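Contents: one structure, followed by commentary.
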Amino acid sequence: MDDAPIGIFDSGVGGLTVARAVSQLLPSESVLYIGDTAHSPYGPKPIADVRRYALEVLDTLVDEGVKMLVIACNTASAAMLRDARERYDVPVVEVIGPAVRTAVSTTRNRRIGVIGTEGTIGSGVYQDMLGVDQTLTVFAQACPRFVEFVEAGVTGSPEVLAVAEEYLAPLRHAGVDTLVLGCTHYPFLEGAISYVMGPDVSLVSSDTETAKDVYRQLVSRDLLAGPASVPTHVYEATGDSADDFLSLAHRLMGREVSAVRLVQTGAIDLPPARA
Ligand code: DGL
């Protein structure tokens with residue numbers, strides 16, 4: 001048993017979709033969330049920079065005493081998952097594997113689309129993982145402006161729909177029956193994405209499946225919070241305005257996030273990038 005919080009992070013508000021799923025599945029668990037708003041967005045940045053920023057955030061969470069790390073960001077997972085698993089003693093859960101698993105068990109026609117940031121799609125991580133199953137055909141598309149929209153709190157404007165039409169047209173024409181939302185910001189745009197793709201295309205996001213991975217890890221390592229635990233939910237941001245992060249969270253998720261405090265991540269010494 002362990003009453004320490006689960007540490008969850010993303011570049012911004014996207015990981016809150018994962019934090020919400022974790023809290024729904026594990027209501028007795030405390031959560032410490034960091035949005036790395038000082039360095040958001042991660043998607044267009046060089047992978048080496050994302051790796052550094054993300055490890056700095058994870059170091060901060062570990063210093064704050066979390067019992068588990070959840071990388072609730074596809075771009076960061078693509079940049080440094082293996083580094084993270086080597087660097088920390090606490091278990092590390094990420095979002096790409098759960099999304100891949102769900103997509104494979106969802107598709108009927110074996111044609112799967114994946115959308116994500118430039119960093120995630122450029123890394124080829126989804127294409128590689130799904131490509132292991134040679135019965136699948138994978139179509140990948142970067143959607144750089146989607147994160148911009150979400151971070152601006154804009155999820156349903158005509159502009160969002162027009163941009164979604166443009167990004168998703170190749171996937172519609174490819175006849176995919178399953179579309180992986182390979183960025184934790186995208187569930188906030190699910191209305192527009194689903195409208196454009198049509199009702200016959202299943203949308204897969206990693207939040208609920210990732211929460212199941214968190215559950216599994218906590219049980220198998222005997223890390224569940226004790227029966228008398230009083231869970232806390234603490235939200236931190238690295239940028240210069242806690243209020244901006246809080247009002248965006250309210251706009252996107254209602255009153256679930258009650259307060260945000262600022263935190264600074266420290267510069268760290270990094271081992272050389274892995275091949
Ligand atoms: N939410 C993040 C992801 O899943 C990254 C968004 C960004 O900062 O570009 O990839």
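Both ligands and their constituent atoms are indexed starting at 1 by order of listing. Because the structure is predicted, anything quoted here is derived from the model rather than measured. FYI, side chains are in, hydrogens and waters are out, and symmetry mates aren't considered; it's all heavy atoms of this structure.
- Ranking the protein heavy atoms by distance from atom 1 (N) of ligand 1 puts H185 ND1, 2.7 Å first.
- Closest to atom 7 (C) of ligand 1, if we only count protein heavy atoms, is Y42 N, 3.3 Å.
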Practice item. Please lay out, stage by stage, how T75 and T117 fare under the test side-chain hydrogen bond (donor to acceptor under 3.5 Å, both in side chains). Key: CA-CA 7 Å; T75 316; T117 66; 2.9 Å; yes
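- Contact annotation: for D10 versus ligand 1, heavy atoms closer than 4.0 Å belong to the side chain alone.
- Of the listed residues (N74, T120, T75), the one carrying the non-hydrogen atom nearest atom 4 (O) of ligand 1 is N74.
- For the 3.5 Å distance criterion, the side chains of Y42 and D49 fail to qualify, holding no donor opposite an acceptor.
- Between D207 and R20 there is no salt bridge, since none of the side-chain N atoms of the basic residue sits less than 4.0 Å from a carboxylate O of the acidic one.
- Relative orientation of the Y33 and Y235 rings is tilted, given thresholds of 30° and 60° on the angle between their planes.
- We find that R145 and E118 are not joined by a salt bridge, their nearest charged nitrogen and carboxylate oxygen being 4.0 Å or further apart.
- Within the 4.0 Å heavy-atom cutoff, C73 counts among the residues contacting ligand 1.
- Of the protein's non-hydrogen atoms, G43 N, 2.8 Å is the one closest to atom 9 (O) of ligand 1.
- Any N or O atom pair closer than 3.5 Å counts here, and S11 shares at least one such pair with ligand 1.
- Side-chain atoms of V66 and I6, non-hydrogen and from C-beta on, never get closer than 4.5 Å to each other.
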